[in-house]
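Take a look at the structure below.
Throughout, a chain's letter reflects where its sequence line sits, starting with A, and its residues are numbered from 1.
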2 protein chains.
Amino acid sequence: MPPRKRATITDVAAAAGVAASTVSRAFTHPGRVNVHTREHVLAVAEELGYAPNPAARALESGRTRTLALLVPDITNPYFAGVIKGAERGAAAAGLTLVLGDTAENPAQEAQLVRRLGPAVDGFVLSASRLPDEELRRAADLNPIALVNRATPGLACVVADFDSGTRQIVDHLASLGHHSLVFLGGPPESWSGARRWAGLRAAAEERGLGATRFGPYVPALAGGAAAADAAIAAGATAVVAHNDMLAIGVMLRLAERGVDVPGDVSVVGFDNIVGADFCNPPLTTLAERTEEAGARAVEAVAAQVLSRTDDPPTRVLPTQLVVRRSSGPVPG
Amino acid sequence: MPPRKRATITDVAAAAGVAASTVSRAFTHPGRVNVHTREHVLAVAEELGYAPNPAARALESGRTRTLALLVPDITNPYFAGVIKGAERGAAAAGLTLVLGDTAENPAQEAQLVRRLGPAVDGFVLSASRLPDEELRRAADLNPIALVNRATPGLACVVADFDSGTRQIVDHLASLGHHSLVFLGGPPESWSGARRWAGLRAAAEERGLGATRFGPYVPALAGGAAAADAAIAAGATAVVAHNDMLAIGVMLRLAERGVDVPGDVSVVGFDNIVGADFCNPPLTTLAERTEEAGARAVEAVAAQVLSRTDDPPTRVLPTQLVVRRSSGPVPG
DNA sequence: CTGAAAGCGCTAACAG
DNA sequence: CTGTTAGCGCTTTCAG
């Protein structure tokens with residue numbers, strides 16, 4: 001019981017009594033075929049359930065009309081938005097999206113880039129862990145757009161962390177806090193570095209103290225160690241690398257009888273699903289992740305059409321979502 | 001500034017001083033090549049950065065070594081596990097996974113199946129909204145595996161809702177509840193139907209009353225209407241279509257001053273990220289979503305190798321995760 | 001406007 | 001064990 005064989009261009013040609021090249025033209029250059037023959041060909045094709053074979057097209061043209069999106073962890077809710085946006089952008093452009101999970105592992109990322117390379121027209125790399133040098137080498141073979149990572153010479157879509165971190169610091173300052181503690185994530189994280197740099201600069205500007213602790217695992221499980229460190233340091237305001245860590249911190253604080261926001265204010269990054277229903281609901285910096293995914297796809301698609309040596313960097317606005325986890329400084 | 005041209009098998013052959021077919025064999029049938037020449041070929045290939053062109057392979061073999069996974073909504077945390085599992089399963093089998101979002105829309109799903117059909121070896125359809133008839137027609141052209149949907153003649157991976165719902169009912173019964181209210185989701189949902197059928201049967205068996213309300217939007221936003229209906233009915237235990245709805249219900253109950261689990265016990269389905277840190281943490285039926293994704297990929301892959309007219313249905317165990325949202329009947 | 005023929009990169013016969 | 005040859009399905013010259 002073999003799968004029914006698909007009709008090929010030759011089958012259609014035979015059934016329509018024309019040459020294969022005419023069938024091909026009827027589909028790809030409708031203008032260059034007699035209206036009458038074209039309609040006949042299309043009718044026969046429809047009847048045979050003919051659909052062009054993308055592999056054959058790709059072989060000839062070198063274009064697969066496919067893009068790959070690589071993310072460090074598919075289950076991380078932060079990337080869900082990027083994936084959705086990329087999916088939407090690809091669909092809008094008639095492109096197919098291939099999804100890869102790099103397991104936060106640079107080697108795996110490199111391998112995927114290599115393996116998928118010949119099968120796709122370009123890559124969207126979200127939160128890439130690859131060194132700049134390697135990214136540029138890969139970009140030499142395939143157009144690449146980066147999400148939340150900036151590498152000179154490559155197309156990038158990044159969140160406006162400068163503005164975002166300033167919003168956070170202003171918010172805490174207006175609540176009377178005199179200092180903040182940043183609970184850091186993975187040291188290789190480009191976003192993490194930008195977040196800390198922004199916080200520190202904005203804090204200095206505002207006359208607030210800023211200290212970095214960590215690195216911590218950017219997940220619920222990392223919260224206990226991070227919270228304990230913050231308590232020991234007598235922090236009144238903590239800003240966590242991301243929402244999962246922030247929520248983990250709040251869980252631990254509750255366990256240790258520390259009130260949020262009464263004793264300590266907690267702020268996160270990402271505004272993931274759940275930041276709205278954790279307890280208390282989390283104040284966090286929202287990024288436009290869907291837009292980032294869509295823009296990155298656009299950028300790659302543009303590069304596929306015409307290579308430029310200086311592709312654009314796009315900065316997307318961020319906004320602080322104030323919820324109940326942040327409040328006035330105690331005392 | 002055109003992209004650097006990729007090395008082909010011919011380039012490698014020339015550089016290594018062998019025939020193209022030898023290079024091909026060195027990769028695909030390592031045993032049929034002299035160890036010495038093979039190592040030389042592989043070294044040259046490595047140096048040239050050669051990677052086989054999947055399109056060319058596909059053209060020749062008719063196999064694309066690619067599977068498509070279609071889900072109703074990529075951002076729904078429930079599907080994150082399925083996606084991850086499918087990704088992992090595909091990677092383990094050396095297959096590439098294409099991801100499609102059907103936007104909960106049968107027409108869009110059908111279109112994706114048609115467009116992607118010639119480009120992939122098979123489909124994993126998660127929570128498909130397509131009618132049985134159309135699924136069977138599609139399965140005629142491409143192997144298909146279904147996740148949480150059963151259609152005779154197709155490979156299926158489903159959660160054991162019979163056992164799961166019995167666990168829920170037993171749990172509530174042991175807490176002294178005499179009846180439960182089911183807050184239903186979309187009427188077309190196969191899982192939803194199975195969940196209600198299971199609850200009702202188990203409740204009857206146990207001598208509990210069971211009523212269904214709804215349908216509600218299976219999201220946080222659906223919670224208000226669902227909660228209000230449950231309160232009006234004087235329910236002591238509610239079981240929601242999924243965790244998002246359950247959490248939405250708890251949010252609304254808190255707003256109305258109804259204590260969970262003091263006044264009402266709440267149970268969900270899915271055990272999504274967030275069920276552990278909402279307030280109170282949610283009692284819910286966990287499915288093995290990652291395993292489901294991986295198994296479905298396996299099933300498709302098996303069908304690609306050898307078609308059978310009666311593919312297997314796999315039932316995966318479910319387990320009740322008891323947290324603090326469920327408690328003794330009041331009074 | 002249409003047909004014939006060449007080849008995209010690769011693999012599977014078939015010789016040697 | 002390895003080279004030669006013939007396509008896979010499609011697009012694209014190039015003639016007609």
Given DNA chain C, 5'-ward residue of the pair A/Ala19 and B/Ala56, judged by closest heavy atom = A/Ala19
Within the structure shown, what part of the strands sits under 4.0 Å from A/Pro52 by heavy-atom distance: base, sugar-phosphate, or nothing?
-> sugar-phosphate
Give a yes/no on whether any side-chain N or O of A/Thr37 is located under 4.0 angstrom from OP1 or OP2 of C/dT2.
-> yes
Along DNA chain D (nearest heavy atom to each residue), the more 5'-positioned of A/Val23 and B/Arg32 = B/Arg32
Give a yes or no on whether B/Arg136 atom CZ has more than 12 heavy-atom contacts from other residues, nucleotides or ligands under 6.0 Å away.
-> yes
Look at all strands and tell whether B/Ser61 reaches a base, only sugar-phosphate, or nothing, counting heavy atoms closer than 4.0 Å.
-> nothing
Nearest-Å distance, CZ (A/Arg63) to P (D/dC10)?
-> 20 Å
Would you mind reading off the distance between B/Phe27 atom CZ and C/dC10 atom P, rounded to a whole angstrom?
-> 9 Å
Closest listed nucleotide, where the reference is the side chain of B/Arg25 and the choices are D/dC10, D/dT13, D/dT2 = D/dT2
Among A/Asn142, A/Asp121, A/Thr308, which residue meets the side-chain hydrogen bond (donor to acceptor under 3.5 Å, both in side chains) test with A/Gln303?
-> A/Thr308
Does any donor-acceptor pair link the side chain of A/Ser21 with the base of C/dA4 at a separation under 3.5 Å?
-> yes
Side-chain donor/acceptor contact of B/Glu60 with base of D/dG7 under 3.5 Å | yes
Minimum-distance nucleotide to A/Asn53 side chain [options: C/dC10, D/dG9, D/dT13] | D/dG9
More than 12 heavy atoms of other groups within 6.0 Å of B/Arg115 CZ | yes
Kindly point out which of D/dC10, D/dT12, D/dG3 is positioned nearest to the side chain of A/Arg57?
-> D/dC10
Side chain of B/Asn34 (C-beta onward), nearest among D/dC1, D/dT11, D/dG9 | D/dC1
Whole angstrom is fine here: how far is it from CD1 in B/Ile9 over to C1' in D/dT4?
-> 14 Å
How is B/Tyr50 classified with respect to the nucleic acid when contacts are heavy atoms under 4.0 Å: base, sugar-phosphate, or nothing?
-> sugar-phosphate
Could you check whether A/Ser24 gets within reach of a base, just the sugar-phosphate, or nothing at all, counting any heavy atom under 4.0 Å?
-> base
Heavy-atom neighbours of A/Gln111 CD exceed 12 at 6.0 Å | no
Starting from C1' on D/dT2, measure out to NE2 on B/His29 and report it in whole angstrom.
-> 14 Å
Identify which nucleotide among C/dT11, D/dC8, C/dC14 has an atom closest to any side-chain atom of B/Leu59, counting heavy atoms from C-beta outward.
-> D/dC8
Atom-pair distance (NE2 on B/His36; P on D/dT2), nearest Å = 11 Å
Residue A/Arg114 excluded, over 12 heavy atoms near CZ under 6.0 Å | yes
